[in-house]
Amino acid sequence: MATKKEEESPTRNSSKFLELYGWDLLLGSIASFYVFMIPYTKVEESFNVQAIHDIIYHRHHLDKYDHLEFPGVVPRTFIGALLISILASPLMLVMNLLKLQKLYTLVAVRLVLGCIILSTLRFFRIQVRRNFGPQVEGFFAIFTAFQFHLMFYSTRPLPNILALGLVNLAYGFWLKEHYYKTLKCLIFAAIVFRCDMVLLIGPIGFELLLRKSISPWKAMKSCIGFCVFCTGLTVLVDTILWKKVLWPEFEVFWFNSVLNRSSEWGTHAFHWYFTSALPRSMLAAYPLFLLGVILDRRILLYVLPVFLFVFLYSKLPHKELRFIIGAVPMFNLSAAVAASRLYNNRKKGGWKWLYFIMLGSLLISLGCSFIMFMASYENYPSGYALKELHQRARETDKTKDQLVHIDTYSAMNGISRFCENTGPWRNFTFLVNEHSRIEGFKCLYAANGFSRVRLQIGFPPILLLKEPKVYIHGSMRNQDLLHSNWPSCS
């Protein structure tokens, strides 16, 4: 007969598992949901997406690599793409045996990247628990889960996200008081993935020196040697793969900071990060992170250098949320500290009203994240258009050679090499582009994309408006297409 201790063992084990990995399951499930629902990528991710594709499918045949024909405005490192491809290789073997479409490979590599980023976030979160308690850790995880952008971006192969993994590790080591490891993580991120991380190294390093947490001489010896190692690594790898002597991030630094040409891609006001980007990305956590600094003086030592990072970055005219996304985890920690204090005092006087406001703002955050997800779902019209083309092209005569021409707009909004299916593509039978009318071609299909948000009286109070963004055209010389069952664009 089983003892009471033996009967309770499975329950206790299950509880222990959830205690250790419950937050990881929550965040991983949300990130995975975004991957499966929105598998396509955009132009910002194009280099790493194409690089991963070429490493997986072309391996050592460098002449077939996409970047040699389409190098982009500035070169990027292959180190991130190599790491993801190596870790994803067991999945690739299984998928090749099952003969799955390339798009499933893209899903797989994005899931691998998500595992990397969320693992580094877990490391940071564990240090949050050790320094501030499990309650603060819980609120930290809840804020992260309710924020669309951080979870959505965590699986997107951007240089900023590869750098975010190292920033998460740096934050964890910072809380763990392993200060030299903190600086080394940020140095690797700056030299290899994003040169702008120097704007984060500066404030953190300066604070550590002021607090005498590090020795200037020891820091100099340790960091200079590690800088040489990181530079040698990226130059070695990228010189081989780019077929010329190259340090990619130095060229990015020269292009963006010295030549100041990044502003050619648009500019925003100095305050944009503080009045638009951070409020949208952090939602309910944004006002709470400011409150956290007031309620717990310990957090100021961590928040101030990160705040200075965003402030310094604001001086650059070209701004995008992904540039400062590395600040969000630390700001979330401050917000979690404030939320924990509100929860502990929820039965006292005016504190209970602040607590109710916080709960209401969390519900609003959840609604905002859902709206942003729906908008993003409709923001990859080219991917959906090419998927429709592949499905309908199977109905045509496969003995005839065909070729799809994809214009710049379409290539920037959802199409990558991973979207290709094996098919009879040879001659210009189809066009996928942003124009509704092309001479010599018939418009066969219009793919809608997100346009704008409209408020209305009634239910639902918020409408996501769509409009045709990408069109599929068929050659007028192909009589089979003219009499096919395409829905047309009218």
Exercise. Do I38 and F152 have side chains that get closer than 4.5 Å, going by heavy atoms?
Worked result: yes

For this session: May I ask you to decide if the ring planes of F311 and F307 are parallel, tilted or perpendicular, using 30° and 60° as cut-offs?
Result: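 F311 vs F307 ring planes: parallel.
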
Exercise. Pick one: which of Y377, Y153, Y34 meets ring-ring contact (aromatic ring centres under 6.0 Å, His included) with F148?
Worked result: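 For F148, the ring-ring contact (aromatic ring centres under 6.0 Å, His included) check succeeds only for Y34.
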
For this session: For atom OH of Y104, decide whether the heavy atoms of other residues, nucleotides or ligands shown that lie under 6.0 angstrom number more than 12.
Result: no

Seminar exercise, completed: Across all chains, not counting sequence neighbours, the side-chain hydrogen bond (donor to acceptor under 3.5 Å, both in side chains) partners of D24 are R122, R125

Problem set entry | Name of the residue among L26, N332, V328, L118 meeting side-chain contact (heavy atoms from CB on, under 4.5 Å) with T144 | N332

Donor-acceptor pair, side chain of [X] and main chain of [Y], under 3.5 angstrom:
| X | Y | value |
| --- | --- | --- |
| K466 | A447 | no |
| S222 | A219 | no |
| D238 | P248 | no |
| N96 | M92 | yes |
| S281 | L278 | yes |
| E45 | L158 | no |

Sequence neighbours left out, what passes salt bridge (Lys or Arg N to Asp or Glu O under 4.0 Å) with [X]? Give chain and number order.
| X | value |
| --- | --- |
| E44 | none |
| K243 | D63 |
| K176 | none |

Please table the atom pairs, donor to acceptor, closer than 3.5 Å between any side-chain atom in residues 182-190 and protein atoms at least two apart or in another chain.
unit_1, atom_1, unit_2, atom_2, d
T182, OG1, A170, O, 3.3
T182, OG1, W174, N, 3.0
T182, OG1, H178, O, 3.2

Problem set entry | Residues which pass side-chain contact (heavy atoms from CB on, under 4.5 Å) with F253, listed by chain and number, not counting sequence neighbours |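 Only C195, S257, V258 meet the side-chain contact (heavy atoms from CB on, under 4.5 Å) criterion with F253.
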
Exercise. Run the ring-ring contact (aromatic ring centres under 6.0 Å, His included) check on F47 and W242 step by step: do they pass?
Worked result: CA-CA 12 Å; F47 174 78; W242 281 93; 5.8 Å; yes

Contact list for [range], test side chain to side chain donor-acceptor pair (under 3.5 Å), sequence neighbours left out:
| range | value |
| --- | --- |
| residues 108-117 | R110-T155 |
| residues 245-255 | R76-E249 |
| residues 316-325 | N160-R322, H318-E320, E320-R322 |

Problem set entry | Aromatic ring proximity F323/W272, centre distance under 6.0 Å |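 No; W272 has its ring centre 6.0 Å or more from that of F323.
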
Exercise. Given the side-chain rings of F36 and F33, with only the six-membered ring counted for Trp, is the space between their centroids under 6.0 Å?
Worked result: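 No.
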
Could you tabulate the donor-acceptor pairs under 3.5 Å formed by side-chain atoms of residues 65-73, not counting sequence neighbours?
unit_1, atom_1, unit_2, atom_2, d
Y65, OH, R59, O, 2.3
D66, OD1, R417, NE, 3.4
D66, OD1, R417, NH2, 3.1
H67, NE2, L241, O, 2.8

Problem set entry | For Y40, ring-ring contact (aromatic ring centres under 6.0 Å, His included) partners two or more places apart |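 Y40: ring-ring contact (aromatic ring centres under 6.0 Å, His included) contacts with Y384.
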
Problem set entry | Listed partners of F309 passing ring-ring contact (aromatic ring centres under 6.0 Å, His included), at least two apart |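 Checked F309 against ring-ring contact (aromatic ring centres under 6.0 Å, His included); matches are Y313.
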
Problem set entry | Closest non-hydrogen atom pair between T231 and C227, with its separation |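 What the structure gives for the nearest pair is OG1-O, 2.8 Å.
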
Exercise. Regarding K102 and the six-membered ring of Y57, is the cationic atom NZ or CZ under 6.0 Å from the ring centre and inside 45° of its axis?
Worked result: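 Ring-cation test returns yes.
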
